Number of protein chains: 2
Amino acid sequence: MKQVSEKVVSRLIIYRKYLKELLADGQKSIFSHKISAYTGASAAQVRRDLMNVGYNGTPVKGYNIKDLMTSISEFLEKENTIEVAIVGFGNLGKSIVDYCNGRNSRLSISAAFDTDPNKINRVIHGCHCYANTEMETIIKENKVEVAILAVPREDAQKVADKLVACGIKGILNYSPTRLQVPANIYVENRDMLMALEKVAYFANNVHGGKNK
Amino acid sequence: MKQVSEKVVSRLIIYRKYLKELLADGQKSIFSHKISAYTGASAAQVRRDLMNVGYNGTPVKGYNIKDLMTSISEFLEKENTIEVAIVGFGNLGKSIVDYCNGRNSRLSISAAFDTDPNKINRVIHGCHCYANTEMETIIKENKVEVAILAVPREDAQKVADKLVACGIKGILNYSPTRLQVPANIYVENRDMLMALEKVAYFANNVHGGKNK
DNA sequence: TTCGTAGTGTGAAAACGTTAACAGTGTTAT
DNA sequence: ATAACACTGTTAACGTTTTCACACTACGAA
């Protein structure tokens with residue numbers, strides 16, 4: 001299969017989201033320069049990115065929104081449904097599940113793990129919370145492939161090791177630690193303080209303007 | 001002043017964080033290849049990035065951790081203290097403030113805004129919550145330069161417009177919308193579903209392994 | 001039908017980011 | 001002292017990403 005860079009994937013996800021809004025608005029078709037204006041990528045880049053997904057627009061009419069969305073989704077999520085688990089079901093964990101669940105029909109955060117007895121065996125935002133000790137069983141039983149880490153710093157590495165041992169292939173890491181994992185595990189770090197520091201820097205050191 | 005790319009700034013922030021851990025561990029000095037092993041950047045890249053901050057290591061001893069940290073911090077945060085406000089003080093907003101405040105001595109999230117009367121005028125995690133209507137006064141009085149957006153989708157653009165009108169220069173956007181703002185405003189988007197979608201993709205389409 | 005228009009798809013050039021390689025230099029051992 | 005060593009700083013080569021520019025094409029108007 002065609003090898004695609006992180007940047008391209010990120011942009012495809014942005015395009016798809018915009019298309020979804022347009023569709024909800026009742027629009028039928030769209031031009032690359034319109035997608036460009038909204039997403040910040042150049043029109044040429046939009047067209048080039050779309051080459052990867054193998055959908056062709058037509059010259060004067062542009063792209064059919066519904067068909068393009070389908071093509072992007074087939075490109076991004078081949079599997080029927082990708083199972084996701086979240087570890088750490090505090091304020092942050094809950095808000096993640098609350099926002100994500102139900103918004104992508106092929107992604108489902110179906111299990112949460114926590115150590116707090118008050119949360120264990122309760123269902124919050126449609127997500128059953130289990131004890132950390134049940135992690136291995138549940139993950140293997142449900143074929144969970146992706147995990148979200150929302151635990152305190154001191155627990156993060158240990159939990160990550162366990163997740164990797166359970167066969168997890170990707171981690172979305174909201175804990176403020178860089179995880180040490182085998183090279184075949186994909187990790188996306190979302191440290192909030194680091195994000196804030198970055199914004200603070202560019203707020204004071206005006207940047208080209210172009211959005212990443 | 002030297003113009004530095006987003007990637008370099010992101011990596012400098014990662015290096016600084018690692019240095020902080022080393023310092024807490026009681027270490028005195030460090031080599032570029034050690035920083036490399038931890039952060040995923042190559043050793044040459046670490047050295048090249050550090051050229052930007054204008055601190056020089058010494059051949060056999062490497063870099064003095066404390067001095068290097070100071071140099072990076074002076075590079076990243078020139079101002080004495082950068083004031084930050086957060087809009088939306090729900091689960092997500094609270095967990096952001098809880099984690100960030102007190103961890104970078106030059107960044108302070110000192111004001112929160114919300115519409116919920118139960119939160120207004122309370123102090124949570126050292127952060128005073130005001131009514132949205134007070135936004136302009138508070139932001140201008142306190143010279144707030146950076147805002148974190150943690151409001152529902154439907155409110156995000158309106159709030160962003162208001163923040164821009166108040167003179168905010170950078171926005172860390174956790175709302176699931178792409179904000180339309182003037183080119184001189186720096187926006188960092190942190191849509192959680194998009195992050196998850198990206199991880200799901202690369203979990204199923206093994207990537208080079210190199211960490212970004 | 002024919003033409004003009006306004007879009008797409010894409011090869012080639014330019015810009016940007018990364019890696020390699022090595023000269024230069026404190027430090028340590030002899 | 002001197003030599004061997006183990007690192008840094010930096011230049012030049014390399015690779016990747018972005019933009020440019022243009023041939024091509026469906027459509028609508030006359």
Side-chain angles (χ1 to χ4, degrees), chain A residues 2-15 19 22 27-65 67-69 71-72 75 183 198 202 207-212, chain B residues 2-15 19 22 27-65 67-69 71-72 75 183 198 202 207-212:
Chain A
K2 178 79 110 338
Q3 182 78 325
V4 171
S5 76
E6 279 194 45
K7 294 198 160 184
V8 173
V9 172
S10 297
R11 285 193 301 261
L12 287 174
I13 291 171
I14 295 172
Y15 304 157
L19 295 174
L22 291 174
Q27 262 187 262
K28 294 291 179 199
S29 64
I30 187 79
F31 305 125
S32 63
H33 64 263
K34 284 286 172 195
I35 299 180
S36 161
Y38 181 81
T39 63
S42 74
Q45 189 160 64
V46 171
R47 296 201 297 275
R48 188 165 283 276
D49 288 340
L50 293 184
M51 285 174 67
N52 289 297
V53 314
Y55 176 76
N56 276 26
T58 55
V60 179
K61 298 201 66 178
Y63 302 94
N64 176 294
I65 292 174
D67 294 348
L68 179 52
M69 257 187 75
S71 292
I72 294 178
F75 177 86
K198 189 177 169 193
F202 285 110
H207 197 249
K210 185 62 54 72
N211 264 352
K212 105 245 59 144
Chain B
K2 178 82 110 335
Q3 182 79 324
V4 171
S5 75
E6 278 195 45
K7 293 199 159 183
V8 173
V9 171
S10 297
R11 283 193 303 258
L12 287 174
I13 291 171
I14 295 173
Y15 304 157
L19 295 174
L22 291 175
Q27 262 186 264
K28 294 291 178 198
S29 66
I30 187 81
F31 304 125
S32 64
H33 64 264
K34 284 286 171 195
I35 299 179
S36 160
Y38 182 81
T39 62
S42 74
Q45 189 158 66
V46 171
R47 297 201 296 276
R48 178 167 281 274
D49 288 341
L50 294 184
M51 284 174 66
N52 289 297
V53 314
Y55 174 76
N56 276 25
T58 55
V60 180
K61 297 199 68 178
Y63 302 93
N64 177 294
I65 292 175
D67 294 350
L68 179 52
M69 258 187 74
S71 291
I72 293 178
F75 177 85
K198 188 176 168 193
F202 284 110
H207 196 249
K210 184 63 54 70
N211 264 354
K212 104 245 59 143

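By convention in this document, chain letters (A, B, ...) are assigned in the order of the sequence lines, proteins followed by strands, and residues within each chain are numbered from 1. This one's a predicted model, so the numbers in the text were calculated from it and none came from an experiment.
- Residues satisfying the side-chain contact (heavy atoms from CB on, under 4.5 Å) test with A:Ser5, not counting sequence neighbours, are A:Lys7, A:Val8.
- At whole-Å resolution of the value, CD in B:Gln45 and C1' in D:dA12 are 17 Å apart.
- The distance between atom CG of A:Asp49 and atom P of D:dT19, rounded to the nearest whole Å, is 10 Å.
- Residue pairs satisfying the salt bridge (charged side-chain N to carboxylate O under 4.0 Å, His left out) criterion with at least one member in residues 40-53 of chain A, sequence neighbours excluded, are listed as follows: A:Arg11-A:Asp49.
- Axis angle, first five pairs versus last five pairs of the helix from C:dT1-D:dA30 to C:dT30-D:dA1: 0°, rounded to 10°.
- We find that NZ of B:Lys7 is positioned 9 Å from C1' of D:dT17, with the value rounded to whole Å.
- When the side-chain nitrogen and oxygen atoms of B:Ser42 are compared with OP1 and OP2 of C:dT18, none of them lie within a distance under 4.0 Å.
- The closest side-chain heavy-atom distance from A:Ile13 to A:Ile72 is not below 4.5 Å.
- Looking at A:Asn56 and A:Leu50, their side chains never come closer than 4.5 Å, going by heavy atoms from C-beta outward.
- By the 4.5 Å heavy-atom criterion applied to side chains, B:Phe75 and B:Val4 are counted as neighbours.
- Straight-line distance from the CD atom of A:Glu6 to the P atom of D:dT17: 10 Å, rounded to whole Å.
- Residues passing the side-chain contact (heavy atoms from CB on, under 4.5 Å) test with B:Ser36, sequence neighbours excluded: B:Ala43, B:Val46.
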Atom pairs under 3.5 Å: protein N/O with N/O of nucleotides 8-12 of chain C:
| from | atom 1 | to | atom 2 | distance (Å) |
| --- | --- | --- | --- | --- |
| C:dT8 | OP1 | A:Ser32 | N | 2.8 |
| C:dT8 | OP2 | A:Ser32 | OG | 2.7 |
| C:dG9 | OP1 | A:Gly57 | N | 2.8 |
| C:dG9 | OP2 | A:Tyr63 | OH | 2.9 |
| C:dG9 | N7 | A:Arg47 | NE | 2.9 |
| C:dG9 | O6 | A:Arg47 | NH2 | 2.9 |
| C:dG11 | N7 | A:Arg48 | NH2 | 3.1 |
| C:dG11 | O6 | A:Arg48 | NH2 | 2.6 |
| C:dA12 | N6 | A:Arg48 | NH2 | 3.4 |

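- A 4.5 Å side-chain heavy-atom check between B:Tyr63 and B:Leu19 finds every atom pair outside the cut-off.
- B:Phe31 meets the ring pair (Phe, Tyr, Trp, His ring centres under 6.0 Å) test with B:His33; sequence neighbours excluded.
- Rounding to whole angstrom units, NZ of residue B:Lys28 and C1' of C:dT27 are separated by 19 Å.
- Atom-to-atom, CD of B:Gln3 to C1' of C:dG17 comes out at 15 Å; the value is rounded to the nearest Å.
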